[in-house]
Amino acid sequence: MNQESAYSMVIGLEVHAQMLTQSKIFCGCPTQFGAAPNTQVCPVCAAFPGVLPVLNHQAVEMALRTGLAINGHINRTSEFSRKNYFYPDLPAGFQITQYEHPIVEAGELFIEPEGQPRRRIGITRIHIEVDAGKSLHEGIPGASWVDLNRTGTPLMEIVSEPDLRTPEEAGEYLKNLRSLLRYLGVCDGNMEQGSLRCDANVSVRTNESAPFGTRCELKNLNSIRNVMRAIVYEAERQVGLIENGEKVVQETRLWDPDKGVTRSMRGKEDAHDYRYFPEPDLPLLVLTEARIDKARAALPELPEAKRLRYMQQFGLSSYDASVLTADKDLATYFEAVIDMEEKGVRPEAKSAANWVQVELLGRLNREGHELSASPVPPQRLGKLLLLVQNGTISGKMAKEVFQAMFESGQEPEGIIEARGLKQVSDTGTIEGEIRKILDANPAEVEQYRQGKTKVFGFFVGQVMKATRGQANPQMVNDLLKQMLAG
Ligand code: ADP
Ligand code: MG
Ligand code: ZN
């Protein structure tokens, strides 16, 4: 929708997160991604008659941690239900999920899209459920195959309130949620591989205070970018309908990322279509206070708390703190850089924040590498920063050394030595060079003394040239001023 449009959007997201448990939720099968089809299947997850589910408590723990991290209400008693439907990738003919009493209700997540105020987005609920298998349609003319490896993988479904108002807010919400799940170690957040999946519910209305319009649910959104694109398209489609005097029909629509359109997939099911009933083979899920307290005490420092700490403790800007804490691995890297210590000195946090974002991430992005594949470990970057701080090399030289460290995997000292990059910070030497330059350029000295201070830059350039760029620039500046004055 364009800026002038009188319509506004209402968006709610349903996020499915595969939990990082070692094994499936009701059997002992492994959950690794990418195994050959149907090699991680047993009678339980293939739903042979007579099998019984045994709940994997690691999955409960992960949902509980997540519920606490979003400040949600933890239901002391929750319940599993059967959701019945028929689909080739669902061998049991039903999905075990939580319906009436989910493990978590009434949570929240905060978003702060660039340049906009911080907003609270309500989270209606988190429930635990099982994933289905996968139907494979590609490369098999005239047939579909079913892979049951994914069947029985534990999922969390995280349902937001219809609190989001723009595609940017939806993107931000998803980014923050993914970051949180990764911090908690409960989901790897990989949208391409489908371990994090998002359905977007979108409706439009004529103004901010009108009642909500009829919504459509969008599926097949395999990146944050596609979530945002699909919402934009869908809102425009709905506005088009309304402007034409037609009605929006509540339905599920499939996003086609190549064509950039959504297409009707199926009409909206109502709850009664699924004939929910309590799962007879599982007891109620009861959480004791002790268990909840223990989970709360074991929560790691979460992105929001870390962001505030970076601002307070290190004096970083809100922007820098957000970038560095958005990704847990990046935050860990940054903390290891500034933890590098030599003779009681540590790298200065602001400069470390700059180096990590500009030099390190810049180079990694150019090479298409993940942080985990960085050839420069954090301690080594820390050492480089200390060499700048103690004047051994200039910031400019350090950039060259960093690139060489990245390419060779070597220590900074070796590179500095081999390239003869040591900075000259010795007063006597620099004074000697300055004296020579001043003596060789009496006319310029005269100009300077008559107030044409522009020639100062000329002298700096000459001294740097004479020392092959190795003179400490700050010292050159200071000494030049003194000597020109006197
Ligand atoms: P269902 O059970 O049919 O999926 P829910 O009530 O659970 O329906 O809502 C699903 C999602 O749709 C939630 O994320 C909710 O925020 C969102 N939603 C509900 N009403 C609207 C609306 N009018 N416009 C956009 N999103 C909505
Ligand atoms: Mg739903
Ligand atoms: Zn199994």
Side-chain angles (χ1 to χ4, degrees), residues 7-16 21-32 35 38-48 51-56 59 81 83 85 91-92 95-100 102 105-109 121-127 129-133 147-154 157-167 169-170 173-174 177 197-206 208 210-219 221 227 230-231 234-235 238-239 242 248-253 266-274 276:
Y7 290 87
S8 58
M9 300 183 203
V10 172
I11 304 159
L13 299 183
E14 293 169 273
V15 171
H16 285 92
T21 52
Q22 244 92 60
S23 53
K24 294 186 179 181
I25 187 165
F26 296 127
C27 63
C29 291
T31 50
Q32 269 120 296
N38 296 310
T39 55
Q40 299 177 345
V41 189
C42 74
V44 174
C45 53
F48 281 27
V51 297
L52 288 173
V54 178
L55 181 61
N56 176 349
S81 292
K83 178 182 183 181
Y85 65 93
Q95 179 190 29
I96 299 182
T97 180
Q98 294 194 300
Y99 181 57
E100 277 194 73
E105 290 179 276
E108 62 188 6
L109 196 69
I121 305 302
I123 293 182
T124 318
R125 56 192 269 147
I126 299 179
H127 61 255
E129 62 185 24
V130 294
D131 210 346
D147 177 5
L148 294 183
N149 282 353
R150 203 175 69 178
T151 315
T153 300
E157 180 171 342
I158 305 161
V159 182
S160 88
E161 290 288 312
D163 285 350
L164 298 157
R165 292 292 172 269
T166 64
E169 286 191 356
Y173 170 87
L174 211 48
L177 182 59
R197 307 194 283 272
C198 174
D199 302 336
N201 295 269
V202 182
S203 65
V204 298
R205 51 181 171 167
T206 44
E208 293 279 327
F212 289 176
T214 304
R215 73 180 193 265
C216 287
E217 181 173 346
L218 311 179
K219 287 195 178 287
L221 313 171
V227 169
I231 291 172
E234 178 60 19
Q238 293 180 11
V239 170
I242 295 168
V248 175
V249 181
Q250 187 172 347
E251 60 182 355
T252 302
R253 299 179 67 87
R266 57 167 189 249
K268 178 71 192 166
E269 297 87 354
D270 287 321
H272 64 253
D273 294 327
Y274 291 118
Y276 283 98

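Whatever order the structure lists them in is the order used to number ligands and atoms, beginning at 1.
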Practice task
Spell out, as yes or no, whether a donor-acceptor pair under 3.5 Å connects the side chain of Glu251 to the backbone of Cys216.
Solution key: no
Handout entry: Glu217-ligand 1 polar pair, N/O distance under 3.5 Å
Key = no
Practice task
Ignoring hydrogens and angles, tell me if any N or O in the side chain of Arg150 forms a donor-acceptor pair with the backbone of Ala132 under 3.5 Å.
Solution key: yes
Practice task
Would you name the heavy atoms of Pro154 and Thr31 that are closest together and state the gap between them?
Solution key: CD-CG2, 4.4 Å
Problem - Heavy-atom closest pair, residues Ser23 and Asn56 - result: O-ND2, 3.2 Å
Exercise for the section: Using a strict cut-off of 4.0 Å, indicate which atoms of ligand 1 neighbour a heavy atom of Val159. Expected result: 13 (C), 14 (O)
Exercise for the section: Name the option, out of Asn201, Thr124, Thr252, that contains the heavy atom nearest to atom 12 (O) of ligand 1. Expected result: Asn201
Exercise for the section: Could you tell me which atoms of ligand 1, counted from 1 in the order shown, lie closer than 4.0 angstrom to a heavy atom of Phe212? Expected result: 23 (N)
Fill in the blank from the handout: ligand 1 atoms nearer than 4.0 angstrom to some heavy atom of Leu13 are 14 (O)
Problem - Whether Tyr99 and Tyr276 hold their rings parallel, tilted or perpendicular, with breakpoints at 30° and 60° - result: parallel
Problem - Contact partition for Val10 relative to ligand 1, non-hydrogen atoms under 4.0 Å - result: both
Fill in the blank from the handout: Across all chains, not counting sequence neighbours, the side-chain contact (heavy atoms from CB on, under 4.5 Å) partners of Gln32 are Pro30, Gln40
Completion exercise
Note: heavy atom closest to atom 9 (O) of ligand 1, options Arg215, Glu161, Glu14, belongs to Arg215
Fill in the blank from the handout: Between Pro91 and Ala46 the two heavy atoms that sit nearest each other are CB-O, 3.5 Å
Practice task
Look only at interatomic distance and state if Gly213 has a nitrogen or oxygen under 3.5 Å from any nitrogen or oxygen of ligand 1.
Solution key: yes
Fill in the blank from the handout: Nearest heavy-atom approach of Glu169 to Asp163 is OE1-O, 4.2 Å
Practice task
Can you see which heavy atom on Val51 is nearest to which on Pro43, and at what distance?
Solution key: CG1-O, 3.7 Å
Problem - Short N-O contact, Glu217 and Arg215, less than 4.0 angstrom - result: no
Practice task
Using 2.8 Å as the cut-off, count the protein N, O or S atoms closer than that to the Zn ion (ligand 3).
Solution key: 4
Practice task
Would you indicate which of Ala200, Gly122, Ser160 comes nearest to atom 15 (C) of ligand 1 when only heavy atoms are counted?
Solution key: Ser160
Practice task
May I ask you to check whether Pro162 has an N/O atom sitting below 3.5 Å from an N/O atom of ligand 1?
Solution key: yes
Handout entry: Shortest non-hydrogen separation from Asn149 to Asn38 and the atoms involved
Key = OD1-N, 3.1 Å
